[in-house]
Protein chains: 2
Amino acid sequence: MHNIRKPPTMADVAHRAGVSPMTVSRAFKREASVSRETREAVLRAADELGYVFDSTASNLRSQRTDFIAVTIPSINNANFADTVRALSDGVSERGLQILLGYTNYDVQEEERLVEQLLRRKPEAIVVTGGKHTPRTRKLLTNAGIPVIETWDLPEEPIGHVVGFSNAQAVREMVDHFVAVGYRNIAFIGGDASRDTRGADRRAGFIAAMKDHGLDAPRLIAAGPPPISMREGANAMGQLLERFPDTDAVICVSDLSAYGAITECQRRGIAVPEKIAIGGFGDYEIGAICVPSLTTINAFASEIGGKTAKLILDVLDGKLGEPGRVTIRPDLILRQSSL
Amino acid sequence: MHNIRKPPTMADVAHRAGVSPMTVSRAFKREASVSRETREAVLRAADELGYVFDSTASNLRSQRTDFIAVTIPSINNANFADTVRALSDGVSERGLQILLGYTNYDVQEEERLVEQLLRRKPEAIVVTGGKHTPRTRKLLTNAGIPVIETWDLPEEPIGHVVGFSNAQAVREMVDHFVAVGYRNIAFIGGDASRDTRGADRRAGFIAAMKDHGLDAPRLIAAGPPPISMREGANAMGQLLERFPDTDAVICVSDLSAYGAITECQRRGIAVPEKIAIGGFGDYEIGAICVPSLTTINAFASEIGGKTAKLILDVLDGKLGEPGRVTIRPDLILRQSSL
DNA sequence: TACTTGGCTGGTAACGATAACATGGACGAA
DNA sequence: TTCGTCCATGTTATCGTTACCAGCCAAGTA
């Protein structure tokens, strides 16, 4: 009964509904002016034919894709996932869809990814972090669409920014630790070469220590980012052996911090009595583990939500010049520190 | 010096390089036959003009988007993230890109999402789970592209399947628990109405208990899925109060199981001496927490990897009929159970 | 009545790449 | 030499929708 038919087009729907293709097109748009009856007739015809709207043609002709391109370092990170979720929810109300890619914490990979994403002609592009290869910067600058850098406060932003200072956030934790009496404070992070946010946190740690007149020799690099719980635990082991007088540790993330806590538990070292531990990111585990974890809430969801709002404003032409939204992370004190 | 110029097209590049647009098109494809010199000249001209390849036009004309559409219940779940990552890595070698959406564990939302994704004309679509609304089934069936259901073994698959039996996996844990002497075993999960994989696990639990001649009155529903650590902890509190004679608990996920462990710690209840705990999913935390967590490895990455391979085979025409790849989850025994 | 105004609908020509087919020249075999 | 083959390149038409511009008609206004 059916030959290998091509899928129906708007023309087919138009024919069946007794209208022009142009009217079918309008019937599929929310705001377009079509009479109620006509729209219903068109949608009914479309349904009967099993018509599926073809975005590829729409994208080309209208020069709009309704894509928002997003790059994150890793898809397996609850912080970035929170940001993406809030961003996605925020823009989806306007029919915008996230086109997501991950860079593996590698600026070269970011370059490839950004180029690939820009070919899809997104309405805007959101990148995590403010450090890029020269070619990435050039691509983003010339893309002709809004560019939003997040999770960082770049000194020379490409366009818009929704972020916070990783260094400053860690500084506040150091200030607190010093205020309550810790002196031999260590820092556990990943190899600094790749994860720029992690490097900023470590730099903030060192600078803050210096400002308190303290040296910062206790630096453990636990491997290529992201640092897992396991790597955090291993780093804690190293730390305890190399610097037995350490009285507090700040970890680059809650995950590594939790790993560090468990390593102390396995070694029978009391947290926080013998050693205090701080994390970063306010992951769920930090609130529920025993002892609970002192950490920094960087408001990952807010970053996504405010990025979404920024994008909508820019696309609406409500924003003349590049926006700069600064988030102020919160120090959350819990049982793992005094 | 700059007017509001339109971005350059292939025609512009062709003109500058002294070739035809067709040759430019070929120069941008990997396999196309273009002489080395010509290709280099074209790419140089493109670079000088700041030309960015326009996928939207390519997509329409070639009727290929190189998208693989994927739906997952939540973007904040390490298991699904693992699957997506492996899938993405597996197909990206062939220039295929993931177009990701999440359903919030809601089949209605899945329906909306699937329709939206299909409009983008992906080369294939991967859905998590085997339960769908009738309309979703119809959309997928008629889409004319490979459909792969994952993380489940549907009785009536729409197309291909890469999954495992959630019920069977839990059954094996029950079998083990019973074999080592536990009798008063409880199950902590989410409200069954939405998360079908969670519901399958619970059903598997009840059936297995029955097969051992045991009742299964100890069922705690901890709220809408996904169940967080916190909800797992709360559920554990309820369980201890309502069924004090419980000697073992199986949780719908490692996250809720870890929450349950912490609740026991806060109440001074020894795990596994007073109560054994099992999780699901082999999240990193289960391997590192103290006590470490007995769990089920569902091989999330393998699901993604095998799905990628399946897609490539199907697109190459190497597969005549629907594929059915069955994963066999592994029971991992750790300290939280005897 | 004549003339706006505004809501709805239709016709035509793109959007920018590339599938399909054609062509021209280099090269080797007969 | 002559013909066939293959590689590199060009020409033409098209993918399916929608921007743009009209046109029509009913309702409101002077």
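Remember, it's a predicted structure, so these values are computed and weren't measured experimentally. Just so it is clear: chains get the letters A, B, ... in the order the sequence lines come, proteins before strands, and each one is counted from 1. Computed from heavy atoms alone, side chains included, the values below leave out hydrogens, waters and symmetry copies.
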Could you tell me which residues satisfy side-chain hydrogen bond (donor to acceptor under 3.5 Å, both in side chains) with [X], sequence neighbours excluded, listed by chain and number?
X        : value
B:Gln108 : none
B:Ser58  : none
B:Thr38  : B:Ser35

Side-chain donor-acceptor contacts of residues 304-313 of chain A below 3.5 Å, not counting sequence neighbours, with atom names and distances?
from     : atom 1 : to       : atom 2 : distance (Å)
A:Thr307 : OG1    : A:Ile303 : O      : 2.6
A:Lys309 : NZ     : A:Asp313 : OD2    : 3.0

Nearest-angstrom distance from the residue atom [atom1] of [X] to [atom2] of [N]:
X       : N      : atom1 : atom2 : result
A:Arg61 : C:dC15 : CZ    : P     : 7 Å
A:Glu40 : C:dC8  : CD    : P     : 13 Å
A:His15 : C:dG11 : NE2   : C1'   : 17 Å

Side-chain atoms of residues 124-133 of chain A: list all donor-acceptor pairs with protein atoms under 3.5 Å, sequence neighbours left out, distances to 0.1 Å.
from     : atom 1 : to       : atom 2 : distance (Å)
A:Thr128 : OG1    : A:Thr71  : O      : 2.7
A:His132 : ND1    : A:Glu110 : OE1    : 2.9
A:His132 : ND1    : A:Glu110 : OE2    : 3.2
A:His132 : NE2    : A:Gly129 : O      : 3.4
A:His132 : NE2    : A:Glu149 : OE2    : 2.8
A:Thr133 : OG1    : A:Glu111 : OE1    : 2.7
A:Thr133 : OG1    : A:Thr136 : N      : 3.0
A:Thr133 : OG1    : A:Thr136 : OG1    : 2.6

[X]: which residues meet the side chain to side chain contact (heavy atoms under 4.5 Å, CB included) condition with it, sequence neighbours left out?
X       : value
B:Asn76 : A:Ala81, A:Asp82, A:Arg85, B:Ser74
A:Pro21 : A:Ala14
B:Ala78 : B:Tyr283
B:Glu48 : B:Arg16, B:Arg44

Check the phosphate of D:dG16 against A:Thr9, side-chain N and O only, distance under 4.0 Å to OP1 or OP2. Yes or no? no
Enumerate the residues from residues 41-56 of chain B whose closest heavy atom to DNA chain C is under 4.0 Å, giving them by residue number; use none for an empty result. B:Tyr51, B:Phe53, B:Asp54
Between its two end axes (five pairs each) the helix from C:dT1-D:dA30 to C:dA30-D:dT1 turns, nearest 10 degrees, through 30°
Under 6.0 Å from the six-membered ring centre of B:Phe28 and within 45° of its axis: does the NZ or CZ of B:Arg39 meet both? no
Within the sub-3.5 Å range, which N or O atoms of nucleotides 9-12 of chain D have a protein N or O partner, and how far apart are they?
from   : atom 1 : to      : atom 2 : distance (Å)
D:dT9  : OP1    : B:Ser35 : OG     : 3.3
D:dT9  : OP1    : B:Thr38 : OG1    : 2.4
D:dT9  : OP2    : B:Ser35 : N      : 3.0
D:dT9  : OP2    : B:Thr38 : OG1    : 3.4
D:dG10 : OP2    : B:Ser20 : N      : 2.9
D:dG10 : OP2    : B:Ser20 : OG     : 2.8
D:dG10 : OP2    : B:Thr23 : OG1    : 2.5
D:dG10 : N7     : B:Arg26 : NH1    : 3.4
D:dG10 : O6     : B:Arg26 : NH2    : 2.7

Per atom distances to the A:Leu60 side chain, the nearest of C:dA19, D:dT17, C:dC15 is C:dC15
